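Here is the structure we will look at, set down as structure tokens.
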Amino acid sequence: MRRALAFVLVIMLGACQSVTREGVFAQVDRTGLQGEPTGPFREQFWLIPYPEAHAVMAATVWMPSGVGPYPLAVISHASSQDPEDRIEDPTSRYRTVSMWFLRHGYAVVLPIRLGHGRTGGPYLEDEGDCSGPDYGGSGRATAASIEATVNYMTTQRFIRKDRVVVVGQSAGGRGALALAGLDRKSTRL
């Protein structure tokens, strides 16, 4: 039985392909908060360690008012099998759902998974050939990124360790479902 509530929004499933791009993913010695918070929701840029790939993921963190500790909402973005589409930072597409969680007292983190946006690096969620896609393997790869985010963020003093919600769209939703199906003691969900 899971110790926290997980909401999953699955909008659509993708197709297949892979790419390698440079980004922040190789900066494993520089994790955590990068700079000062800005704006009314104290928007922050973080680097989140992704131990399985010896890499880091770029992430946006928004904080509600007050001092915390806050419950955590992890928003897992959609993906595209087109490498050019993955270059765009998906953060702005999730502002509305982020604001909903913030108004309800949650800290929100939107990690940019490997192979996407400013994280860059290898695309780990390749589904393979469209004639026989491996949605399970792709979902587990996405789940590993979400799990790394949950495990790292719940070590922060301002985050409650016992209240985590995972929301995902498209490939992010598939990854959230895959994570919910794991029976790992290390996951703080």
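For the single chain, residues carry numbers from 1 onward in sequence order. None of the values given here were measured: they were computed from a predicted structure.
- When all heavy atoms are compared, the tightest approach of P64 to G105 is CG-O, 3.6 Å.
- Contact check for V165 versus F101: side-chain heavy atoms found under the 4.5 Å cut-off.
- Between W46 and Y152 there is a side-chain heavy-atom pair separated by less than 4.5 Å.
- The OG atom of S76 sits 8.0 Å away from atom CG of L110, with the distance rounded to the nearest 0.5 Å.
- The two residues I146 and G175 come nearest to each other via the heavy atoms CD1-C, 3.6 Å.
- Proximity of M63 to Q44: side-chain heavy atoms (C-beta onward) are separated by under 4.5 Å at one or more points.
- Looking at heavy atoms from C-beta onward, Y50 lies in side-chain contact with L114 at the 4.5 angstrom threshold.
- Counting heavy atoms from C-beta outward, I48 and M153 have side chains that approach closer than 4.5 Å.
- Of all non-hydrogen atoms in V56 and T119, the two that sit nearest each other are O-CG2, 3.5 Å.
- A distance of 8.0 Å separates OG in S65 from CZ in F41, rounded to the nearest 0.5 Å.
- Side-chain contact between I112 and M57: absent, with no pair of heavy atoms (C-beta onward) separated by less than 4.5 Å.
- Pairing each heavy atom of P49 with each of A148, the nearest pair is O-CB, 3.8 Å.
- A cation-pi arrangement, defined by a distance under 6.0 Å to the six-membered ring centre and an angle within 45 degrees of its axis, is absent between R160 and Y70.
- R157 places none of its side-chain heavy atoms less than 4.5 Å from the side chain of P69.
- With rounding to the nearest 0.5 angstrom, the OH atom of Y123 is 3.0 Å from the OG atom of S79.
- The minimum heavy-atom distance between D126 and S138, with the atom names listed, is O-CB, 4.3 Å.
- Here the options are E125, E52, E147, the test is salt bridge (charged side-chain N to carboxylate O under 4.0 Å, His left out), and the partner is R113; only E125 passes.
- A distance of 12.0 Å separates CD1 of I75 from OG1 of T149, quoted to the nearest 0.5 Å.
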**Step-by-step side-chain contact (heavy atoms from CB on, under 4.5 Å) determination, R93 to E88** = CA-CA 11 Å; R93 288 181 261 165; E88 180 185 342; 4.0 Å; yes

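- Note: H77 NE2 to H116 NE2 = 5.0 Å, rounded to the nearest 0.5 Å.
- The heavy-atom pair separating K161 from T154 by the smallest distance is NZ-O, 2.9 Å.
- Under the 4.5 Å side-chain criterion, counting only non-hydrogen atoms from C-beta, R118 is in contact with T91.
- Applying the side-chain contact (heavy atoms from CB on, under 4.5 Å) rule to E43 yields the partners T38, T60, W62, R95; only residues at least two apart in sequence or on another chain are considered.
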